[in-house]
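I have placed the structure first, in the form of C-alpha cells, so that the comments after it can refer back to it.
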Amino acid sequence: MNFDPIKLELYKNILTSVSEEMGVTLQRTAFSPNIKERLDFSCAVFDASGQMVAQAAHIPVHLGSMPLSVLAAIEHTNMEQGDMIVLNDPYRGGTHLPDITLVAPVFGETSSSRPIFFVANRAHHADVGGMTPGSMPLATSVIQEGIRIPPVKLVRSGKLDTDLWELILANVRTPAERRGDMEAQLAANRIGERRLQEMVAKYGTSEIEAYMQELCAYSSRMVRALLQEIPDGRYEYSDFLDNDGITDEPIEIRVAIEIKDDIAVIDFTGTSEQVRGSINAIYAITVSAVFYTFRCIAGEDVPSNAGCLEPIQIIAPTGTVINAKFPAAVAGGNVETSQRIVDVLFGALAKACPDRIPAASCGSMSNITVGGYDVSRGRDFTYYETIAGGMGARPNCNGIDAIHTHMTNTMNTPIEAIETSYPMQVEKYAIRRGTGGAGKFQGGAGIVRSLKLLADAEVTILSERRVFQPYGLQDGESGQLGRNVLIRDGEEQTLSGKATFPTHKGDIIQIETPGGGGYGKAETSDH
C-alpha cells in the first residue's frame, strides 16, 4: 500500500485527539482532587493485537506500561461488544495497586467476533485499601498494599457487574470517591469507543488499520535514525535508591546500553535483587522508563506508539528490583524506582550523546498520603499527592524550578482544593530557592510544601534523594537533597525518606523536595 504522508500526519493527530478527548472526559467527570485537579491519569488507543498506536500527553509511567495491561486483558478474557475489563494486579498487567486500568474493546460495523481496536485508561486512586490510608504503605508484600484485581469483566454487554462493583467498593476507605472516579473512567472509554467507531464509519477499518501500522513503522524508523546518530559502543552507569524503607541499605540500579548501528540493547544485569520494602518495580515499569527515555531524546516529532521500542531490546533479570517477582511489595516501585531507572539511563546516554542529555532532575515524586476521619464532614478521607522538585539543567539552559519531571507529568493540587476537600491547611507552599546544582547552567529548585493537619490522621511518606543527591553533568554540581519534617508544638523532627506514623490535630508535615543537578562547570570571576 502506498501511504500518503499528509494522510499519515492526519491519522496521527486524529488518533491522538481520541486519547485527548478521553482524558478531558475523565478529568471533567472525576470526583477526587487527585484526578480532576492533579490529572493523575492516562489514556491511549490500541490496535487489534494490543499494540499502542496513540496516546495523549499524560503520565509517562502509565503510558509506557499500559500496553501490558491491554495484553493481559486480551489474554485472560473473551471480550464481546459492550464489555469492559478492570485490573490493577501488578503481576497480571498492572503496575501498583492504586493505578486502576479499564480496557474496552471496539468493534466495527459488521458483526465481527473480534475487536478491531481497544481503548484504555488508567487512573491513580487515592485509596484502594491495604494496611495504611492512601494505599502506599511501607509494606513487605503486595498483599498488604490493597485490593488486587486481576483482569476481569466489570461491564458485560453494556451492563455493570454490580456484584464486582460492590466488592471493590467494600474494600476501600473512601467508596463514594472511588465510585465517582471509576464512573469517570467508564465514561472516558465509552467516548474513545464512540470516536473510533465514527472513524470506521467515515474511513473504513482497513485504511485505519493500515495507517496505524504505518505510524508504528514510522516511529520505529525515526528511533533507528536516532540510534544511528549515536556512536556505536557500550555505555554504563549506576546510581542508588536511598533504601527500601525497611533497612538503611542502599539499592543499586545498574545499566549498560550497547549501541550498534540502529539497534540498542538495554541491559540491567548487576542491578540489586528485589528487596523487602515496597520500592520493587515490575517489568512493565522498566519498559515504561526505557520507552520514555528514548522517546525524549528522539525529539518531539516522533509519534508515541509501540514502534518506538521496536529497535530496542531490554534485558531485565527476573527477581531484581527492576523486575520483581510475586509477592514483592511494589507501591513505591511505580513512583520512585521508575525515576531512578530514568536517571541511570540518562547517565549512561550522557556518555554517548552529551549534547542531548540533561543533568539529573529531583529523582523523586515525594509521595505523601494522609488519611483519617474528618469529624467536621462526618466521613473518612484520604489525601494523596506527589510533590514536584527541580529539573536538571540542560546542555544549553537552566533547569526549571518546581516542576514534575520524567515519569510523572501531573499538576499540583491547588491550595483551594486541599483546604476545601480535606481537614488540612496549607501553611507554606514555596520554591525552595538555592537547591539546584551550580554550573554553567543551574539546576532547577525544589519545593517546600507544609500541611497543617486539622484532624488526627495517619501519614505515609515515600520519597527518594534524601541520601543520594541528583547528579550534575559535565562538571556541574549535584542538586541538594530533599528533607521531610514533622513539626509538633513548634519543635521540628526530621523524618526519614520513607515513613509511616500517626499524627495529631495541629501537627505540620513539611516536605522539602530536591533540586536538579547543574550542567557544565560554573564560570568563575577574577574580580
Side-chain angles (χ1 to χ4, degrees), residues 26-41 97-100 123-138 146 169 171-184 331 335 365-388 402 404 408 410-430 447-463 484-488 495 499-513:
L26 180 46
Q27 177 195 359
R28 289 185 175 178
T29 57
F31 194 85
S32 70
N34 190 55
I35 295 176
K36 69 183 180 182
E37 300 285 359
R38 285 189 61 244
L39 313 186
D40 198 346
F41 63 82
L97 297 182
D99 284 345
I100 295 179
H124 183 115
H125 288 255
D127 186 87
V128 290
M131 60 193 287
T132 60
S135 311
M136 298 286 285
L138 303 189
L169 296 179
N171 282 277
V172 303
R173 293 175 176 83
T174 48
E177 189 174 272
R178 301 288 66 72
R179 184 189 300 272
D181 286 347
M182 289 180 67
E183 286 175 343
V335 289
M365 297 191 198
S366 295
N367 307 263
I368 178 171
T369 61
V370 183
Y373 186 74
D374 184 352
V375 177
S376 64
R377 296 175 174 86
R379 58 178 172 81
D380 290 326
F381 73 96
T382 53
Y383 158 81
Y384 170 73
E385 184 162 23
T386 60
I387 301 177
H404 284 286
T408 177
T410 59
M411 306 291 282
N412 72 165
T413 306
I415 292 171
E416 297 84 353
I418 290 176
E419 297 184 345
T420 300
S421 303
Y422 308 107
M424 295 192 291
Q425 179 177 306
V426 179
E427 293 286 286
K428 185 177 184 179
Y429 191 34
I447 277 178
V448 178
R449 175 84 115 170
S450 297
L451 300 170
K452 183 176 183 178
L453 306 182
L454 305 181
D456 293 349
E458 186 172 2
V459 175
T460 299
I461 298 172
L462 277 177
S463 62
N484 307 324
V485 180
L486 169 64
I487 304 172
R488 178 173 290 169
L495 303 167
T500 294
F501 50 97
T503 57
H504 306 300
K505 182 178 179 180
D507 287 351
I508 296 172
I509 308 299
Q510 183 163 296
I511 308 295
E512 304 174 10
T513 64

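The analysis underlying the following values was restricted to heavy atoms, covering all of them including side chains, and did not include hydrogens, waters or symmetry mates.
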Taking salt bridge (charged side-chain N to carboxylate O under 4.0 Å, His left out) as the cut-off, I'd like each qualifying pair that reaches into residues 375-386, sequence neighbours left out, listed once.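 Pairs touching residues 375-386 that pass the test: D374-R377, E385-R449.
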
Could you state the interatomic distance from [atom1] ([X]) to [atom2] ([Y]), rounded to the nearest 0.5 Å?
{"X": "R488", "Y": "D507", "atom1": "CZ", "atom2": "CG", "answer": "4.0 Å"}
{"X": "K36", "Y": "S421", "atom1": "NZ", "atom2": "OG", "answer": "6.0 Å"}
{"X": "I387", "Y": "M365", "atom1": "CD1", "atom2": "CE", "answer": "13.0 Å"}
{"X": "D456", "Y": "K505", "atom1": "CG", "atom2": "NZ", "answer": "8.5 Å"}
{"X": "E427", "Y": "I487", "atom1": "CD", "atom2": "CD1", "answer": "8.5 Å"}
{"X": "I415", "Y": "T420", "atom1": "CD1", "atom2": "OG1", "answer": "11.0 Å"}

Aromatic ring pairing F381/Y422, orientation class (parallel under 30°, perpendicular over 60°, tilted between):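 F381 vs Y422 ring planes: tilted.
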
Within the distance-only criterion (no hydrogens, no angle test), does the side chain of [X] pair as donor or acceptor with the backbone N or O of [Y] below 3.5 angstrom?
{"X": "D40", "Y": "N34", "value": "no"}
{"X": "E458", "Y": "T500", "value": "no"}
{"X": "T460", "Y": "T369", "value": "no"}

Do [X] and [Y] make a side-chain contact, defined as non-hydrogen atoms from C-beta onward lying under 4.5 Å apart?
{"X": "L39", "Y": "L26", "result": "no"}
{"X": "V459", "Y": "I368", "result": "yes"}
{"X": "L486", "Y": "I509", "result": "yes"}
{"X": "R178", "Y": "S32", "result": "yes"}

Against R38, only a single residue in T408, T386, N412 fulfils side chain to side chain donor-acceptor pair (under 3.5 Å); can you say which?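 It is T386; the other options fail the test.
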
Partners passing side-chain hydrogen bond (donor to acceptor under 3.5 Å, both in side chains) against [X] (at least two apart in sequence or in another chain):
{"X": "E37", "result": "none"}
{"X": "T503", "result": "none"}
{"X": "S463", "result": "R466, N484"}

Of all residues at least two apart in sequence or in a different chain, which pass the salt bridge (Lys or Arg N to Asp or Glu O under 4.0 Å) check with R28?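 Scan of R28 (salt bridge (Lys or Arg N to Asp or Glu O under 4.0 Å), adjacent residues dropped) gives none.
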
Compare every heavy atom of [Y] with every heavy atom of [X], then report the nearest pair and how far apart it is.
{"X": "Y429", "Y": "I447", "value": "CE1-CG2, 3.7 Å"}
{"X": "H125", "Y": "D181", "value": "CE1-CB, 3.5 Å"}
{"X": "D127", "Y": "T132", "value": "OD1-O, 4.1 Å"}
{"X": "G134", "Y": "R173", "value": "N-NH1, 4.5 Å"}
{"X": "M136", "Y": "N367", "value": "CE-OD1, 4.0 Å"}
{"X": "G371", "Y": "P133", "value": "CA-CB, 3.5 Å"}

Non-neighbouring partners of K428 that pass side-chain contact (heavy atoms from CB on, under 4.5 Å), sequence neighbours left out: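 Once residues adjacent in sequence are excluded, the partners of K428 under the side-chain contact (heavy atoms from CB on, under 4.5 Å) criterion are A430, V448, S450.
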
Applying side chain to side chain contact (heavy atoms under 4.5 Å, CB included), run through V426 and L451 and close with a yes or a no. CA-CA 5 Å; V426 179; L451 300 170; 3.9 Å; yes

I would like to know whether S366 and I511 meet side chain to side chain contact (heavy atoms under 4.5 Å, CB included); could you show each step before the answer? CA-CA 8 Å; S366 295; I511 308 295; 4.1 Å; yes

